[in-house]
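Following: one structure in structure tokens, then a few remarks.
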Amino acid sequence: MSSRVFFASSLETLLRPAADASPAAREGGRSRSRGGLRRAGHVRPSPAIYPCRRETASPSVLLSTDFDIQVLVERLVGLVNDVKEMLLTANGGRETLATVDHLRRLCIDHYFQDEVDSAMDDVACLQELAHGGDLRDATLAFRLMREAGHHVSADEVLGRFTDGNGDFDLAYSKDVEGLLGLQDISHMNIGAEASLYKAKEFSIKHLESAIQLLDPNLAKYVRQSLDHPYHVSLMQYKARHHLSYLQTLPNRCTAMEELALADFQLNKMLHQMEMQEIKRWWLDLGLTQEIPVARDQVQKWYVWLMTAIEGASFSRCRIELTKVVSFVYIVDDIFDLVGTQDELSSFTQAIKMWDIAAADSLPSCMRSCYRALYTITNNIADLVQIEHGVNPINHLKKAWAILFDGFMKETEWLSASQVGDSEDYLRNGVVTSGLPLVFVHMLFMLGYDLEKDASGFIDHIPPVISCPAKILRLWDDLGSAKDEAQEGLDGSYKELYLKENPGLSTGEAEEHVRSLIASEWEELNRECFSRRAFSGGFTEAALNASRMVTVMYAYDGGEQRRLPVLDDYIRMLLF
């Protein structure tokens, strides 16, 4: 048995959900974890799609022996049992909730789903801490309740820490743990929560002031929390920083720390193998030779999916969706850098026909792209058919047609030197971000039954998808992505907004864009914490995509336009 097949099957066995978790039961339940098989609600992983298939496995230069992997997996099982014992003997109340919090911050809570669910279902305990504990306890309980989907009012929880004017009492300005809790929950605003706006301002101001007076290890942790706030930052990235901080404390839980390290190592092995398979596919495809001006950024494309969908059971899903993402980028480059308007119009019509023969009259590079895109999409549809008994090809090809129409509209705007107004631009920008297309493929691969309303879903993008897409488009349009060859060719929201409001300065326009991004985050929070139209696994993927946007566009301002956080993240999770 190859290392790849053994590794996937071992993790499948270790993380398998309970036998009574039927699709119907999982459909109605809350999924709160950030990893493991149970995080996507009613999804049923099976060898047809998710585990790494034997025919695509190859000897890995990145792994050691099967025996080494088996030893690591067995060690992980033992550590899970140790931590479970610790959870069972906890005193309850704050001690249990604090442990759950550490498990989540270390991204290992999926091993303890029953225990975590039990703690989150103890509403009386959560309410008692939220409304009766100190600032640290109240913010912890508030955050866990909101993440679990319980209704909780920020104003009611935080009101007792404020003065008569609704401002936070200065007595809490020295409470570093309480301030960190305020900072954490301040980014979970679902809109019009005045106390959370004030919590952000108050916590940032006083944490910044306190840093130089704190113990170096705590000061480093506070700095990291301010630079990468909880909820809007990548959890896997923050997990390593949280682990480093826990290792400096006098009262340590070594079993939890060792479990986090073992889980991290296993995930890294899986990510390395997935990346190897994707690189091999990309090289075999040969589009870099066929379209030299197109981007060749396989690692960047994979990181989007590595971040969005976590868990060993979704390996095949990550691999196939990375291929979809790659074609979004390649098609974008063809529209921006290669084709004439007539050629691009023919390209778009060929996609709508969805017939391999329709590519025959296209220029060579478009023909090669069309055939590869056609093949990958049909392969995904076949995989979904095998796994879920429904072939979604009609919906997938419609999603591609919508994306091509969006790119075509941008081409027409550029040709006429006349872009629509800022709202038209943003609506079209949601489509051309590519996220709606990728998420449609994802939903079908995850087993959602969209047959009843898929057409309406594709035509009218729900907020859980449109919000990440707007966040991506607006961040891009702030001018952060100067390294992209086509930046600025088809306008930007900021430029259009300045034209529509000639009295504004560039700084004021940028502030307006940032306020729009904040509004989209609030809308996304409402979808994830309140409405819950989709399962926890899918909404977590939407959150992760939004979190990844700032990493992809967090340039350092230097001449080389580097992405230090992205570089650090890739080194951490892949190398």
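- A salt bridge (charged side-chain N to carboxylate O under 4.0 Å, His left out) with E193 is found for one member of R146, K200, K198 and no other, namely R146.
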Legend entry - Worked check of ring pair (Phe, Tyr, Trp, His ring centres under 6.0 Å) between F161 and F168: CA-CA 6 Å; F161 303 106; F168 283 92; 7.5 Å; no
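- Partners of K238 according to the salt bridge (charged side-chain N to carboxylate O under 4.0 Å, His left out) rule, which considers only residues two or more places apart in sequence or in another chain, do not exist here.
- A salt bridge links R473 with D476: the distance from a Lys NZ or Arg NE/NH1/NH2 to an Asp or Glu carboxylate oxygen falls below 4.0 Å.
- Applying the salt bridge (charged side-chain N to carboxylate O under 4.0 Å, His left out) criterion to E201, with sequence neighbours excluded, gives no partner residue.
- For the side chain to side chain contact (heavy atoms under 4.5 Å, CB included) test, residues two or more places apart in sequence or in another chain that qualify with R136 are R94, D134, E177.
- Remark: R318 fails to qualify as a cation-pi partner of W304 under the 6.0 Å distance and 45° angle criteria applied to the six-membered ring.
- The aromatic rings of H242 and Y221 sit tilted, their planes meeting at an angle between 30° and 60°.
- Counted by atom type alone, Y230 and Q183 present zero donor-acceptor pairs between their side chains at under 3.5 Å.
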Inset, instruction - Go through R105 and D184 one step at a time and tell me if the salt bridge (charged side-chain N to carboxylate O under 4.0 Å, His left out) criterion holds. - result: CA-CA 12 Å; R105 288 180 183 271; D184 287 343; 2.6 Å; yes
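- Take D122 and apply the salt bridge (charged side-chain N to carboxylate O under 4.0 Å, His left out) test, not counting sequence neighbours, and it matches no residue.
- Taking a cutoff of 4.0 Å between a charged side-chain nitrogen and a carboxylate oxygen, R223 and E208 qualify as a salt bridge.
- Ion pairing between a basic and an acidic side chain is recognised when a charged N comes within 4.0 Å of a carboxylate O; R104 and E147 show such pairing.
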Under 3.5 Å, sequence neighbours excluded: what are the donor-acceptor pairs made by side chains of residues 565-575?
residue, atom, partner, partner atom, Å
D568, OD2, Y237, OH, 3.0
Y569, OH, T307, OG1, 2.8

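- Not a single salt bridge (charged side-chain N to carboxylate O under 4.0 Å, His left out) links E522 to another residue, sequence neighbours left out.
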